[in-house]
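Every chain is numbered from 1, with letters handed out A, B, ... down the list of sequences.
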Protein chains: 2
Amino acid sequence: MRAKQPSRDQLTLSEILNALSDPVRIEIVQSIAGVGEQPCNQCGIDMPKSSLSHHFKVLREAGVIATRVEGTRLINSVRSADLNARFPGLLNAILKAARQ
Amino acid sequence: MRAKQPSRDQLTLSEILNALSDPVRIEIVQSIAGVGEQPCNQCGIDMPKSSLSHHFKVLREAGVIATRVEGTRLINSVRSADLNARFPGLLNAILKAARQ
DNA sequence: ACTGATGTTCGAGTGTTCTCGAACGATTCA
DNA sequence: TGAATCGTTCGAGAACACTCGAACATCAGT
């Protein structure tokens, strides 16, 4: 959570594509997108939490997901509005491709 | 050129996104897409040819570009038809984002 | 305070990627 | 055949990414 999340105009295509180019991470994003928002441990990926935490960090730093604290949990959501504003159609095209 | 290029149904989202997540490589693809097809040395990137060759190889192996021999040159083109067939809208969304 | 749950951070190990010069192969043209 | 052009391949070095256990911090509830 110490990692800073980029503002809308700091989003870069390279970092976004890099974040989403990892199979584990696109699965995380798909999981979150499917339900709107979700704590880290409910993405359904069987992996040590330190590894998962790493992938969440990459997604966060690329600006793909946002994280807010709720009690003892971190609730994640996809930054659809920011992504669509900065790169219209990109997120949808990628998520659609990931569904196949 | 020894590297095999994936067939249309072997294209994977992760490899495509990974290939396009490098600033040098998306620049190469933009350059090729801008003129249709192009030899390796006309992408306008100032870099040793061994480095450039590496990036072309990554793009080729991800299925983003195709390469054909013409005399002493290798002519590259973007595999738009294959990419659109496999992941509709993806390439356009990425190239559009790259233009900004 | 203590305990349990949720995640982060740290450090180490392993593997992959990027970069570059040098050597090579294929082709063209004289 | 000789020389030039184009691009690949090889090998080495540096940088980076992924994975994991262990330790830590924070919060909630008892």
Please lay out, stage by stage, how E70(A) and R68(A) fare under the test salt bridge (Lys or Arg N to Asp or Glu O under 4.0 Å).
CA-CA 7 Å; E70(A) 194 176 282; R68(A) 68 168 214 278; 2.4 Å; yes

On a plain distance test, is the side chain of S51(B) in donor-acceptor contact with the base of dT19(C) below 3.5 Å?
no

Gap between atoms CG and C1', on N76(B) and dC6(D) respectively (whole Å)
12 Å

Rounding to 0.5 Å, atoms CD (E27(B)) and CD1 (I32(B)) come to a distance of 11.5 Å

Could you tell me the separation between the CG atom of L74(B) and the P atom of dT28(C), rounded to a whole number of Å?
12 Å

Atom NE2 of H55(B) and atom C1' of dT17(C): how far apart are they, to the nearest Å?
9 Å

Using a heavy-atom distance cut-off of less than 4.0 Å, which residues of residues 18-40 of chain B contact DNA chain D?
P39(B), C40(B)

Protein-nucleotide distance (K57(B), atom NZ; dC10(D), atom C1'), rounded to Å:
10 Å

Test item: D82(B) side-chain N/O and R8(B) main-chain N/O as donor-acceptor pair under 3.5 Å
no

Side chain of S53(A), base of dG7(C): donor and acceptor closer than 3.5 Å?
no

Taking the side chain from E61(A) and the backbone from V58(A), do they hold a donor-acceptor pair closer than 3.5 Å?
no

Separation of atom CZ in F56(B) from atom C1' in dC18(C), rounded to whole Å:
16 Å

Please check: side-chain N/O of R86(A) versus main-chain N/O of L11(A), any donor-acceptor pairing under 3.5 Å?
yes

Calculate the interatomic distance between R73(B) atom CZ and dC6(D) atom P; express it in whole Å.
6 Å

Positive for side chain to side chain contact (heavy atoms under 4.5 Å, CB included) with I94(B), one of V64(B), I26(B), L83(B)
I26(B)

Take the protein atom CG of L59(B) and the nucleotide atom P of dC18(C), then report the distance between them rounded to whole Å.
10 Å

Side-chain donor/acceptor of N18(A) to backbone N/O of S14(A), under 3.5 Å:
no

Whichever of T72(A) and S50(A) has the more 5' nearest nucleotide on DNA chain D, that residue is S50(A)

Checking contacts here: which listed nucleotide (dC18(D), dT8(D), dT8(C)) is nearest the side-chain heavy atoms of K49(B)?
dT8(D)

Mind calculating the distance between CG (N41(B)) and C1' (dA26(C)) to the nearest angstrom?
16 Å

OP1 or OP2 of dG7(C) versus the side-chain N and O atoms of R68(A): is any pair under 4.0 Å?
no

